[in-house]
**Student:** 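Right, I'll just put the structure down here and ask away after.
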Amino acid sequence: GGGSTIAFGVDMFPPDNVGKDDYPAKYMSPPVPSSGHDFSSYRPLGGDRFVEWKDGETPYAITPALLKQSDDLARSRRDYVKKAMEHAWSGYKKHAFGQDEVLPQSGKSHSNWGGMGTTLVDSLDTLWLMGMKEEFTQARDWVRDHLDHDHVHKSISVFETTIRSLGGLLSAYDWSGDKAFLDKANDLGARLFKSFQSPSGIPFGSVNINDGRASNFGWAGNNAILSEFTTIQVEYRYLARATGKKEYADKAERVYELMKEIEPSNGLYPLYVRNTGEKPSFANQKISFGAMGDSFYEYMLKIWLQGGKKESMYREMYDRSIQGMHDELLFKSTPTGLTYIADKVSGRVDHKMDHLVCFMGGLLALGAYTDPQGFDSTRAQRDLKTAKELTYTCYQMYARMKTGISPEFVAFGKDSNDFTVGHNAAFYILRPETVESFFVLNQLTGDPAYREWGWEVFQSIERYCRTDIAYGSLTNVNNPGAAPEDRMESFFLAETIKYLYLLFDPDTEVDIVNKHVFNTEAHPMRILPEFDKSPLALK
């Protein structure tokens with residue numbers, strides 16, 4: 001690469017350029033001016049471009065000169081993503097500092113998480129990674145002096161609070177070394193941990209972090225939800241290492257041992273689990289890599305990576321599940337042949353794909369680059385190809401909409417042009433999964449196309465989601481004339497903006513292959529062997 005840039009994947013496994021043409025100039029849009037670029041006149045460019053990427057190839061030669069050109073272009077775009085964060089943060093600071101959310105149209109504040117400063121805590125590492133140190137320090141002061149979990153007197157989601165708030169505090173601690181974050185994480189972690197008081201060892205979905213009462217959600221039939229109780233382990237393992245409280249890791253890891261005991265032969269797990277008996281059991285027959293399933297498969301791989309690739313059970317569970325996905329859920333659309341992962345309900349395939357599934361491109365690529373069988377193995381190369389195919393499909397879910405932004409889910413059918421907007425699913429709540437995969441695939445392969453796609457998505461967000469205060473959701477991605485809604489989830493600042501920034505940041509210290517693991521809310525922490533070598537390690 002250019003300058004001091006490390007292209008982490010490219011340096012490990014140089015791209016196969018044999019017989020490939022140079023990357024075409026038409027696929028690299030011109031640099032943006034260093035300031036004053038106007039997004040208000042942006043018009044999405046439409047779908048069915050970059051078709052050479054559809055079938056999972058890296059179609060053009062990835063050369064040092066191309067990487068340098070891509071990096072130089074990325075740095076000019078990076079500044080605009082940082083400006084977007086500055087805009088949203090100043091709106092939050094002015095209208096809702098210390099509250100859970102800012103409402104981006106009305107300017108009101110909202111304490112829907114019970115008043116834990118959710119947006120602030122979720123944004124900490126984004127501020128750090130963007131070099132917004134003054135804002136970071138002000139936020140740190142609020143955490144140290146005003147974040148008080150005694151104030152939260154309602155039942156809250158164990159999963160959402162763990163990934164957003166506990167994950168946010170731990171990542172802020174890992175990057176800054178400031179003990180204020182660990183103190184609050186320790187306090188919050190202990191309170192959330194009361195959710196583990198179930199007879200089966202599978203935690204409840206909801207807990208009151210003051211009186212410790214825990215239960216499952218009625219809307220889920222009083223069952224535990226697969227993606228929730230399996231997506232707190234990266235956080236609790238880190239917390240155990242940072243505090244010396246081994247119980248956090250033991251009980252969190254026990255969940256995976258219990259799931260291993262009831263592992264289906266194809267590695268595809270139903271979404272609802274009964275956790276109130278002595279042993280857990282499945283409570284429905286729906287399988288999905290989207291809502292309520294997704295991050296279980298993510299954490300199988302990430303727990304293994306976090307531990308330094310030593311705990312083989314997690315990787316084996318991952319590889320079995322990915323095999324099952326390839327065997328039973330992977331399809332190609334008509335007429336273009338876009339690859340997608342379907343759901344299964346009571347043994348019947350449901351040909352739809354949630355935007356949430358779009359994280360799978362990044363996950364499969366990360367799994368391929370770290371495969372114990374070797375990067376050149378048939379399995380790793382299959383997974384990498386599927387990763388690239390899926391990521392192209394997810395790009396098309398954006399590019400084919402009038403705003404250039406994806407709906408919540410799409411339905412694949414014979415009589416449509418590959419897919420249509422899902423029933424009652426035309427909305428976009430500022431979700432990150434597609435740009436997450438763009439970041440991962442770009443960091444691993446060096447292919448500049450992912451940056452081009454990400455820049456299109458970012459321009460659409462600027463054009464259609466920006467408000468005077470921050471950014472808002474869209475009710476209909478095919479209605480470019482509509483104003484954004486009065487709603488901004490904390491994950492827009494924690495994930496969407498962060499992954500876009502990192503996609504355009506060739507100089508980042510974040511190394512997803514050797515050094516860091518991202519929790520499912522995009523909070524990067526050092527893997528445990530790296531933590532143990534750091535000044536934060538307990539002596």
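Just so it is clear, the values below take in all heavy atoms, side chains as well, and ignore hydrogens, waters and symmetry mates.
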**Student:** Can you confirm whether more than 12 heavy atoms, excluding those of Lys133, are under 6.0 Å from its NZ atom?
**Tutor:**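 Yes, because the 6.0 Å sphere around NZ of Lys133 holds more than 12 heavy atoms from other groups.
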**Student:** Might you point out which heavy atoms bring Ile303 and Val234 nearest each other, and give the distance in Å?
**Tutor:**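 Heavy atoms only, the tightest pair is CG1-CG2, 4.2 Å.
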**Student:** Does this structure show an ion pair linking Arg144 with Asp178, if we count only N-O contacts that are shorter than 4.0 Å?
**Tutor:**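 Salt bridge: no.
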**Student:** Once the angle between the rings of Tyr269 and Phe282 is folded into 0 to 90°, is it parallel (under 30°), tilted (30 to 60°) or perpendicular (over 60°)?
**Tutor:**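 If you compare the ring of Tyr269 with that of Phe282, the planes turn out perpendicular.
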**Student:** Grab the two heavy atoms, one from Leu192 and one from Val158, that are nearest each other, plus how far apart they are.
**Tutor:**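 Taking Leu192 first and Val158 second, the nearest heavy atoms are CD2-CA, 4.3 Å.
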**Student:** Using side-chain hydrogen bond (donor to acceptor under 3.5 Å, both in side chains), reason through Gln306 and Tyr299 one step at a time and then give a plain yes or no.
**Tutor:** CA-CA 10 Å; Gln306 182 187 36; Tyr299 272 33; over 6 Å; no
**Student:** I need the Phe289 CZ to Asp343 CG distance, nearest 0.5 Å.
**Tutor:**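 Rounded to the nearest 0.5 Å, the CZ-CG separation comes out at 10.0 Å.
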**Student:** Taking atom CD as the centre, does Glu261 end up with more than 12 heavy-atom neighbours from other residues, nucleotides or ligands that are less than 6.0 angstrom away?
**Tutor:**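 Yes, CD of Glu261 has more than 12 neighbouring heavy atoms, counting only those of other groups under 6.0 Å.
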**Student:** Find out whether Leu528 and Lys310 are in side-chain contact, i.e. whether some heavy atom of one side chain is under 4.5 Å from a heavy atom of the other.
**Tutor:**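 Side-chain contact under 4.5 Å: no.
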**Student:** For residues Ile232 and Val255, determine if any side-chain heavy atom of one lies less than 4.5 Å from a side-chain heavy atom of the other.
**Tutor:**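 No, every pair of side-chain atoms sits at 4.5 Å or beyond.
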**Student:** As a test of understanding, state which of Arg526, Arg241, Lys515 forms a salt bridge (Lys or Arg N to Asp or Glu O under 4.0 Å) with Asp174.
**Tutor:**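 The option that passes is Arg526.
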**Student:** So Tyr238 and Tyr173, would you call those rings parallel, tilted or perpendicular, with 30° and 60° as cut-offs?
**Tutor:**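 Geometry flag for Tyr173 against Tyr238: perpendicular rings.
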**Student:** Locate the shortest heavy-atom distance separating Val121 from Leu169; write the atom from each residue and the value.
**Tutor:**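 Looking at all heavy atoms of both residues, the shortest contact is CG1-CG, 3.8 Å.
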**Student:** Might you work through the side-chain contact (heavy atoms from CB on, under 4.5 Å) test for Arg140 and Ser176, ending with a clear yes or no?
**Tutor:** CA-CA 10 Å; Arg140 188 274 323 268; Ser176 71; over 6 Å; no
**Student:** Determine whether Met116 and Asp100 make a side-chain contact, defined as any pair of heavy atoms from C-beta on separated by less than 4.5 Å.
**Tutor:**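 Yes; the side chains approach each other to less than 4.5 Å.
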**Student:** If the plane angle is over 60° it's perpendicular, under 30° parallel, otherwise tilted; pick one for Tyr395 and Trp453.
**Tutor:**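 Ring orientation of Tyr395 relative to Trp453: parallel.
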**Student:** Give the intermediate values and the outcome of side-chain contact (heavy atoms from CB on, under 4.5 Å) for residues Phe491 and Ile429.
**Tutor:** CA-CA 10 Å; Phe491 58 63; Ile429 58 169; 3.9 Å; yes
**Student:** Is the closest side-chain heavy-atom distance between Ser200 and Leu258 below 4.5 Å?
**Tutor:**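 Side-chain contact under 4.5 Å: no.
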**Student:** State, with a plain yes or no, whether a side-chain heavy atom of Lys498 is found less than 4.5 Å away from one of Phe439.
**Tutor:**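 SC-SC contact between Lys498 and Phe439 ruled out.
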**Student:** For the backbone of Leu493 and the side chain of Thr126, can you confirm whether one donor and one acceptor N or O come within less than 3.5 Å of each other?
**Tutor:**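 Between the backbone of Leu493 and the side chain of Thr126 there is a qualifying donor-acceptor contact (under 3.5 Å).
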**Student:** Hey, can you tell me if Tyr499 and Phe518 have their rings parallel, tilted or perpendicular (30° and 60° cut-offs)?
**Tutor:**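 Tyr499 vs Phe518 ring planes: tilted.
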**Student:** Of the options Glu235, Lys302, Glu298, which is the one that meets Asn519 in a side chain to side chain donor-acceptor pair (under 3.5 Å)?
**Tutor:**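 Among the candidates, only Glu235 passes.
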**Student:** Could you report the tightest heavy-atom contact between Arg451 and Leu503, atom names first, then the distance?
**Tutor:**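 Shortest heavy-atom separation between Arg451 and Leu503 comes out as NE-O, 2.8 Å.
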**Student:** For His355 together with Tyr398, are the ring centres under 6.0 Å from each other?
**Tutor:**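 Yes.
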**Student:** OG1 of Thr386 to CD1 of Ile341: how many Å apart, nearest 0.5 Å?
**Tutor:**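 CD1 of Ile341 is found 8.0 Å from OG1 of Thr386.
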**Student:** Do Thr520 and Ser295 have side-chain atoms, one donor and one acceptor, less than 3.5 Å apart?
**Tutor:**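 Their side chains do not contain a donor-acceptor pair, so the 3.5 Å distance test is not met.
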**Student:** Any salt bridge linking Asp486 with Lys108? Criterion: basic side-chain nitrogen under 4.0 Å from a carboxylate oxygen.
**Tutor:**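 Salt bridge between Asp486 and Lys108, a charged N being under 4.0 Å from a carboxylate O: no.
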**Student:** Does any N or O in the side chain of Ser473 come within less than 3.5 Å of the main-chain N or O of Arg487, such that one atom is a donor and the other an acceptor?
**Tutor:**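 Side chain of Ser473 to backbone of Arg487, a donor-acceptor pair under 3.5 Å: yes, one is there.
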**Student:** How about Ser111 and Gln99: do any of their side-chain heavy atoms sit closer than 4.5 Å?
**Tutor:**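 Counting from C-beta outward, Ser111 and Gln99 do come under 4.5 Å.
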**Student:** Quiz question: by atom type and distance under 3.5 Å, do the side chains of Glu101 and Tyr92 form a donor-acceptor pair?
**Tutor:**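 No, Tyr92 and Glu101 have no side-chain donor paired with an acceptor closer than 3.5 Å.
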**Student:** Counting only heavy atoms not in Glu257, do more than 12 fall under 6.0 Å of its CD?
**Tutor:**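 Count over threshold, so yes.
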**Student:** So Phe438 and Tyr450, would you call those rings parallel, tilted or perpendicular, with 30° and 60° as cut-offs?
**Tutor:**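 Because their plane-to-plane angle lies in the 30° to 60° range, the rings of Phe438 and Tyr450 count as tilted.
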**Student:** Tyr256 and ring pair (Phe, Tyr, Trp, His ring centres under 6.0 Å): which single residue from Phe296, Trp304, Tyr318 fits?
**Tutor:**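 Among Phe296, Trp304, Tyr318, the one meeting ring pair (Phe, Tyr, Trp, His ring centres under 6.0 Å) with Tyr256 is Phe296.
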**Student:** Where is the tightest heavy-atom contact between Leu441 and Thr391, given as atom of each residue plus distance?
**Tutor:**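 Closest approach of Leu441 to Thr391: CD1-OG1, 3.1 Å.
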**Student:** Salt bridge or not between Glu86 and Lys83? Use side-chain N to carboxylate O under 4.0 Å.
**Tutor:**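 Judged by the 4.0 Å cut-off on N to carboxylate O distance, Glu86 and Lys83 do not form a salt bridge.
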**Student:** Check this for me: does any side-chain nitrogen of one of Arg191 and Asp150 sit under 4.0 Å from a carboxylate oxygen of the other?
**Tutor:**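 Salt bridge: yes.
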**Student:** Let's go through His87 and Tyr471 carefully: what are the C-alpha distance in whole Å and the side-chain angles of both, what is the deciding distance for side-chain contact (heavy atoms from CB on, under 4.5 Å) to 0.1 Å, and is it a yes or a no?
**Tutor:** CA-CA 9 Å; His87 172 68; Tyr471 293 82; 3.7 Å; yes
**Student:** Parallel, tilted or perpendicular: which one describes the rings of Tyr236 and Tyr248, with boundaries at 30° and 60°?
**Tutor:**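 Judged by the thresholds at 30° and 60°, the geometry between Tyr236 and Tyr248 is tilted.
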**Student:** Evaluate side-chain contact (heavy atoms from CB on, under 4.5 Å) for Arg315 paired with Asp371, printing each intermediate quantity in order.
**Tutor:** CA-CA 9 Å; Arg315 177 77 207 205; Asp371 194 321; 3.7 Å; yes
**Student:** If only atom types and distance count, is the side chain of Ser198 paired as donor or acceptor with the main-chain N or O of Thr276 below 3.5 Å?
**Tutor:**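 Not at all, since once roles are kept as given, no pair shorter than 3.5 Å links the two residues.
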**Student:** Counting only N and O atoms by type, is there a donor-acceptor contact under 3.5 Å from the side chain of Asn208 to the main-chain atoms of Ser155?
**Tutor:**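 It does not hold such a pair.
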**Student:** Between Arg431 and Glu495, is there a salt bridge with N-O shorter than 4.0 Å?
**Tutor:**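 No, Glu495 and Arg431 are not salt-bridged.
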**Student:** Thinking salt bridges, do Glu263 and Lys260 make one under a 4.0 Å N-O criterion?
**Tutor:**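 Result for this pair is yes, salt bridge flagged.
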**Student:** How far apart are the closest heavy atoms of Leu474 and Pro484, and which atoms are they?
**Tutor:**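 Shortest heavy-atom contact: CD2-CA, 4.3 Å.
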**Student:** How long is the straight-line distance from CD1 of Ile512 back to CG of Leu502, given to the nearest 0.5 Å?
**Tutor:**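 Going from CG on Leu502 over to CD1 on Ile512, the span is 9.5 Å.
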**Student:** Decide whether Asp122 and His523 meet the rule of one side-chain donor and one side-chain acceptor closer than 3.5 Å.
**Tutor:**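 On atom types as modelled, these side chains qualify, holding a pair under 3.5 Å.
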